[in-house]
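Here is the structure we will look at, set down as structure tokens.
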There are 4 protein chains.
Amino acid sequence: MRARGRQTMRTLLDAGAEVFAERGYHAARVDDIVTRAETSHGTFYLYFSNKEELFRALAVDVAAAIVELGEALPPITADGAGEQRLRDWLDRFADLYERNRSTLQAWTEAEIGDSEFGRLGDDVFAELSRVVATRVRASAPDDIDPVTAGLAVVAMIERLHYYAATGQVRISREETVGTLASVTHDAIFGNTTPRR
Amino acid sequence: MRARGRQTMRTLLDAGAEVFAERGYHAARVDDIVTRAETSHGTFYLYFSNKEELFRALAVDVAAAIVELGEALPPITADGAGEQRLRDWLDRFADLYERNRSTLQAWTEAEIGDSEFGRLGDDVFAELSRVVATRVRASAPDDIDPVTAGLAVVAMIERLHYYAATGQVRISREETVGTLASVTHDAIFGNTTPRR
Amino acid sequence: MRARGRQTMRTLLDAGAEVFAERGYHAARVDDIVTRAETSHGTFYLYFSNKEELFRALAVDVAAAIVELGEALPPITADGAGEQRLRDWLDRFADLYERNRSTLQAWTEAEIGDSEFGRLGDDVFAELSRVVATRVRASAPDDIDPVTAGLAVVAMIERLHYYAATGQVRISREETVGTLASVTHDAIFGNTTPRR
Amino acid sequence: MRARGRQTMRTLLDAGAEVFAERGYHAARVDDIVTRAETSHGTFYLYFSNKEELFRALAVDVAAAIVELGEALPPITADGAGEQRLRDWLDRFADLYERNRSTLQAWTEAEIGDSEFGRLGDDVFAELSRVVATRVRASAPDDIDPVTAGLAVVAMIERLHYYAATGQVRISREETVGTLASVTHDAIFGNTTPRR
DNA sequence: TATGAATGAGATTTCATTCAT
DNA sequence: AATGAATGAAATCTCATTCAT
């Protein structure tokens, strides 16, 4: 594939991301995508064998970015510095979510049955949960599984962003990050800030 | 509607719930539903004006049950008794999720764009979050919004069940409930169990 | 399937046979068939999952008729009575070919690669050849295989009708039957009619 | 056209012959041909204005070879020497069929409706039939048309090779040629070999 | 002379919904 | 109250051919 081809593919991917975000995965039509990309159906099928494959191409990239970010999660300590590091990391997560809002939103909808998306999503979540687990392990009570606890935290982080992104609730980015940092840190180390 | 009609409607609702669970809202075909219900297309449209309406009929019931359960959330105290009450409530939530697994799973997928499902889901979540917020308020640090924190917790609870239900991860019901109780209680009151 | 459904299916089969005959298997469009049958695409796919399946339905019937006719091939003797019986049988074959002209013509075109049509055609030819072989066996020279000779004769019969039917050559039905009877009988028993 | 151009054209013709043989005329894609020829769509249309023209280029050559072979059919006599000459000629026909198997196989499928291929094929068959007719004429009974009889024989020869070539039946080349020689000679002069 | 990319007309297929009985 | 049949709009996908370099 030459430069022109790569450019066309890029245009299609971008158009796809936009359309998926606007209309959702299922309601998105290949026709919408090619119209947005100002190209033809024929060209679309030159690069992707169907809508699902284009989505997978988007999802794979995002998955890689999430895993990479997961690996960058720093050790979290019980003190204020630890909470700040957590907050910084969550800020980067928010960046990533914002940048890939459309794909992540559509992912939820595509993730049904035994599609590959599901498995891809699993891998990402499993990886993230494992990383979080290593941070939780040090402090978790004996009777709960750190990996499950990690998964719960990851689920919370992802879903709150999802609700914020879809506009189902109206929360600012700062609020989202701040709340998650506080709740997560408390969940791990206990609530040490002064009560009202 | 006579007894026979009610029976037919019931059969269709049950069939719909199963098919939605298996294939997801979008992939579910009216044909799948009527085949499962051992009836005909004609009959389907005698009771529901379209696929969406059948789903709404399922969703409305579940939504009411969730709101009702939310209202039953007892005051949570920092001590062991408080955590036990939280655990008991989460147990009932697990019951509810299990009983309506199919609808709740499909809901996620249907919840896109500006459909009524989304709004219905919003109401449910908002209501639950508000209730949780009243419990969180007492202990949350000054700088975070209790409603947002409540929403975060609710998101965590719902999503972990979702992952467990779809089999994307393999966690037992006990583990799910236990972890959620522990993490949630810790998030609110701090981790008071002995560290390893 | 009720009476109405059977009628619709019949209409589609008839329309298919006509269209295949007129335009050939490959050039035939589902659209041509439904237009001819005065029905809709939707209805077509209610009865056949694609063009190929409709053709197979036609071909299976014809195949059965040919095999049945093959079984009716009487013992052929060297005398004039034998040739007359052969001629009568070829007349019935001509009837059958005429009645199913369209399908048999299209079959040639569809029969390529490893499609099921090919195998179906094989079975028919093999069966016919075997029957002819039993008649040839009595008189064939030692060094040739009666089944191969039977196949050769069957090939000749089928192809001559095909050429006559497609109009590639202009031969009357009488001429076709007469020539085949004479040539086939001679091939088996030797040319006993007076030379010019 | 320079040497390089001729080479490219040759490569395309060869690739076309292979692909037509494997997949049949209709199922053959220009894409298959250019991939096999390790060249591009652009180049294909530089040498042939369409798929049909490439096929015609192949067919014309084969047609000429068949006509030429037809003219080489020697006078056939009733004695063993005559049958041997016939056998030798059929052997050359088998050579020709083998060499051009791919094109001849595809030809059958392409020959539909009023395409030029049909007419090309007609000419070839007509020519062959006429030649065979001159050999048959001497011995045929009064009531059959020698040209029709010739056509019947030609049809038999061609089809038996076709069946053998497509692998629809499993006959060796020797068996094919032997059977055709025997049956054809018998058809013309009567069966003179000793009966079993 | 060669080619990768683009095209778009047209084919197939699906499926929610309506109809006639 | 029930149903089998029909519909057709809209979606997906294919591929011979043309274009720009």
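The analysis underlying the following values was restricted to heavy atoms, covering all of them including side chains, and did not include hydrogens, waters or symmetry mates. Chain letters run A, B, ... following the sequence lines, proteins first and then strands; every chain starts at 1. Note that this is a predicted model, so its numbers are computed, not measured.
- In this structure, the side chain of Asn100(D) does not engage the main chain of Thr103(D) through any donor-acceptor pair within 3.5 Å.
- Between dT17(E), dT17(F), dA6(F), one nucleotide has an atom nearer to the side chain of Tyr45(D) than all others, and that is dT17(F).
- For the pair Phe48(B) CZ and dA2(F) P, the interatomic distance rounds to 12 Å; values are reported in whole Å.
- Arg29(D) places a side-chain N or O within 3.5 Å of a backbone atom of His26(D) that can act as its donor or acceptor partner.
- Summarising the geometry, the separation between CD1 on Ile33(C) and P on dT12(E) is reported as 8 Å, rounded to the nearest angstrom.
- Side chain to side chain, Thr8(A) and Thr11(A) fail the donor-acceptor criterion of an N or O pair below 3.5 Å.
- Rounded to an integer number of Å, the gap from Asp31(B) CG to dT7(F) P is 18 Å.
- Atom C1' of nucleotide dC15(F) and atom NE2 of His26(C) are separated by 15 Å, given to the nearest angstrom.
- Under the 3.5 Å distance criterion, the side-chain polar atoms of Arg36(A) are left unmatched by any main-chain donor or acceptor of Glu18(A).
- At whole-Å resolution of the value, CZ in Arg6(A) and C1' in dA6(E) are 17 Å apart.
- Cation-pi check for Lys51(C) over Phe44(C) is not met; the charged atom does not lie both under 6.0 angstrom from the ring centroid and within 45 degrees of its normal.
- Here the closest heavy-atom approach between residue Tyr25(D) and residue Glu52(D) is recorded as OH-CA, 3.3 Å.
- Regarding contacts with the backbone of dA2(F), a side-chain N or O of Thr8(B) is found under 4.0 angstrom from either OP1 or OP2.
- Side-chain N/O atoms of Thr43(C) include none lying less than 4.0 angstrom from OP1 or OP2 on dA5(F).
- dA20(E) and dT3(F) make up a base pair, with Watson-Crick or G-U wobble contacts both under 3.5 Å.
- Across the interface with DNA chain F, nearest-nucleotide mapping of Leu46(B) and Asn50(A) shows Leu46(B) to be the residue nearer the 5′ end.
- Between the P atom of dT17(F) and the NE2 atom of His41(A) lies a distance of 22 Å, rounded to the nearest Å.
- We find that CG of Asp32(B) is positioned 12 Å from C1' of dA16(E), with the value rounded to whole Å.
- Summary of the strand contacts: Gly42(C) and Ala28(A) both lie near DNA chain F, and taking for each the nucleotide with the nearest heavy atom, the more 5' one is attributed to Gly42(C).
- In this structure, Arg23(C) places its CZ atom 8 Å from P of dA11(E), rounding to the nearest Å.
- Phosphate proximity of dG4(F) to Arg4(C): absent, as no side-chain N or O sits under 4.0 Å from OP1 or OP2.
- Pair assignment for dC13(F) gives dG10(E), based on Watson-Crick or G-U wobble hydrogen-bonding distances that are each under 3.5 Å.
- When distances run from any side-chain atom of Tyr47(C) to the nucleotides dT1(E), dA16(E), dA6(F), the shortest one goes to dA6(F).
- Among dG8(F), dG4(E), dA6(E), the nucleotide with an atom closest to any side-chain atom of Ser40(D) is dG4(E).
- Proximity note for Arg2(D) (side chain, C-beta onward) versus dT1(E), dC15(E), dA6(F): the nearest is dT1(E).
- Applying the 4.0 Å criterion to OP1 and OP2 of dT17(F), one finds that Ser49(D) has every side-chain N and O outside that range.
- Considering only side-chain atoms of Arg29(B), the nucleotide from dA1(F), dT12(F), dA16(E) that sits closest is dA16(E).
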